[in-house]
Every structure is written in C-alpha cells, then in structure tokens.
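Written out below as structure tokens is the structure these notes cover.
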Amino acid sequence: MLAWRAAGYCLRELFGDVLGGIRDEFETREIAEAEEMRDITPPASVKSKPTPPKPPKPPAPPSAKTIDADPVTEQPAGGSEFVLGDFLDEIETVIAGAKDEADVEEIWTDFDAPAVLETEGHADMIDAAFAIKTRRLAQLSSLNGG
C-alpha cells in the first residue's frame, strides 16, 4: 500500500496536468481530517460595522486666524514674527488645491496678500504673490488646456 501511495504522489507531482486535479480516496480523507471545520465568524463585539477614518481638515488661511497684537511691541501676541517665505509657500500650497477660478479668487481674498505684504514691509514681494495667483489661474484656464 505504501508503494502505491508513493507512486500516486509521484504521478500527481510529475503528471498533474494530465490528472487534472483528480485526487485519490486516501488523499481526500487526509485533507478532510487536516482541515476540520472551524467557526470563522467574528465575536458579537466585533460585528459592528467599522466606520472609515475621516479625512483631515484643510489648513485655514492666515486671515482666518485671530491674531491679537501686543500693545507694547506691536508684534503678534504669540511672539511669532512674520516669515516671508512661509507666507508665500502657504499661499502657493492653498491655491494649488483650488478647483476653479472662483476658488482661487476666494483664497486670494482670504489671504489678502497685498495688504499683508505691505503691512509687513515687503511691498516689493507683492508681484511675486500675484505671480503665484496668475500661475494657478493659467493652469485652470480652459484656454490653456486646463
């Protein structure tokens, strides 16, 4: 019997394509014994439907934040100073997420870049801020292939 089982294993290994997945009686019994039926349903506490995670909220433009100025130093109360590069990067990042021209205009109004740059003593960078806005409008324009 062991010789025939060994021959059966060899036939399945060497000529599996010819046998087409046919199994003998002994192999079928071995598989049935090895794989007893087991309950795979989750316990009652896990059956509740999981909720997907919520996406993070987009960053708010700086004009949406309330900044109280210190009356003595006339600097923002938190002691943070204006950083030109961070301000322009933030404008570019938020405007890059705009879906259409109306969104770009709304974001531009919220940032009020010309007034902020003028107030902070960077009037020479107003053209750079306008270039950011113009570049995104050009990307969204249907004349440029959007």
Side-chain angles (χ1 to χ4, degrees), residues 5 8-146:
R5 288 190 71 188
Y9 286 127
C10 286
L11 288 172
R12 276 193 302 281
E13 282 293 320
L14 298 174
F15 304 105
D17 56 338
V18 175
L19 292 174
I22 296 174
R23 298 176 190 237
D24 64 3
E25 170 186 0
F26 302 108
E27 183 184 10
T28 308
R29 277 193 207 150
E30 283 179 7
I31 292 173
E33 290 172 1
E35 295 180 1
E36 294 178 12
M37 293 292 285
R38 60 186 188 275
D39 185 19
I40 60 169
T41 57
S45 62
V46 182
K47 284 187 180 180
S48 65
K49 196 174 196 179
T51 57
K54 299 196 186 300
K57 294 189 178 202
S63 64
K65 300 174 189 170
T66 304
I67 300 176
D68 298 325
D70 186 355
V72 177
T73 61
E74 296 184 10
Q75 290 290 328
S80 63
E81 58 185 66
F82 181 80
V83 179
L84 176 64
D86 291 346
F87 181 71
L88 293 176
D89 285 343
E90 189 173 4
I91 290 175
E92 192 160 14
T93 303
V94 175
I95 283 184
K99 303 276 190 245
D100 57 13
E101 288 89 355
D103 286 346
V104 171
E105 292 299 331
E106 182 179 342
I107 292 167
W108 182 256
T109 304
D110 289 343
F111 272 98
D112 195 16
V116 171
L117 291 171
E118 183 75 35
T119 304
E120 295 296 331
H122 296 288
D124 56 327
M125 295 306 293
I126 293 175
D127 290 337
F130 273 111
I132 293 170
K133 174 186 172 187
T134 306
R135 189 175 329 123
R136 182 60 182 156
L137 287 173
Q139 290 171 346
L140 294 172
S141 174
S142 59
L143 295 175
N144 291 332

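Only heavy atoms go into these numbers, but all of them, side chains included; no hydrogens, no water, no symmetry mates.
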Subject >> F82 ring center within less than 6.0 Å of H122 ring center >> reply: yes
**OP:** With rounding to the nearest 0.5 Å, note down the distance linking CZ in R135 to CG in L140.
**Re:** 12.5 Å
Original post:
Where do I22 and R12 come nearest, in terms of heavy atoms and distance?
Top reply: O-CD, 4.4 Å
Original post:
side chain to side chain contact (heavy atoms under 4.5 Å, CB included) with D100: which residues, sequence neighbours excluded?
Top reply: A102, D103
Original post:
Where is the tightest heavy-atom contact between R136 and A98, given as atom of each residue plus distance?
Top reply: NH2-O, 2.6 Å
**OP:** Would you mind telling me which of I95, V94, D89 makes a side-chain contact (heavy atoms from CB on, under 4.5 Å) with I91?
**Re:** I95
Subject >> pair E90-T93: side-chain heavy atoms closer than 4.5 Å >> reply: no
**OP:** Please state whether the rings of F111 and F87 are parallel, tilted or perpendicular, taking 30° and 60° as the class boundaries.
**Re:** perpendicular
Subject >> Distance-minimising heavy-atom pair for I126 and P114 >> reply: CD1-O, 3.8 Å
Original post:
Do you know the tightest heavy-atom contact between L88 and M125?
Top reply: CD1-CE, 3.9 Å
**OP:** For W108 and A113, work out which heavy atoms get closest and say how close.
**Re:** CH2-CB, 3.8 Å
Subject >> CD (E105) with more than 12 external heavy atoms under 6.0 Å >> reply: yes
Subject >> Residue pair V104, E101: steps toward the side chain to side chain contact (heavy atoms under 4.5 Å, CB included) verdict >> reply: CA-CA 5 Å; V104 171; E101 288 89 355; 5.5 Å; no
Original post:
In Å, rounded to the nearest 0.5 Å, how long is the span from CG of L117 to CG of D112?
Top reply: 9.5 Å
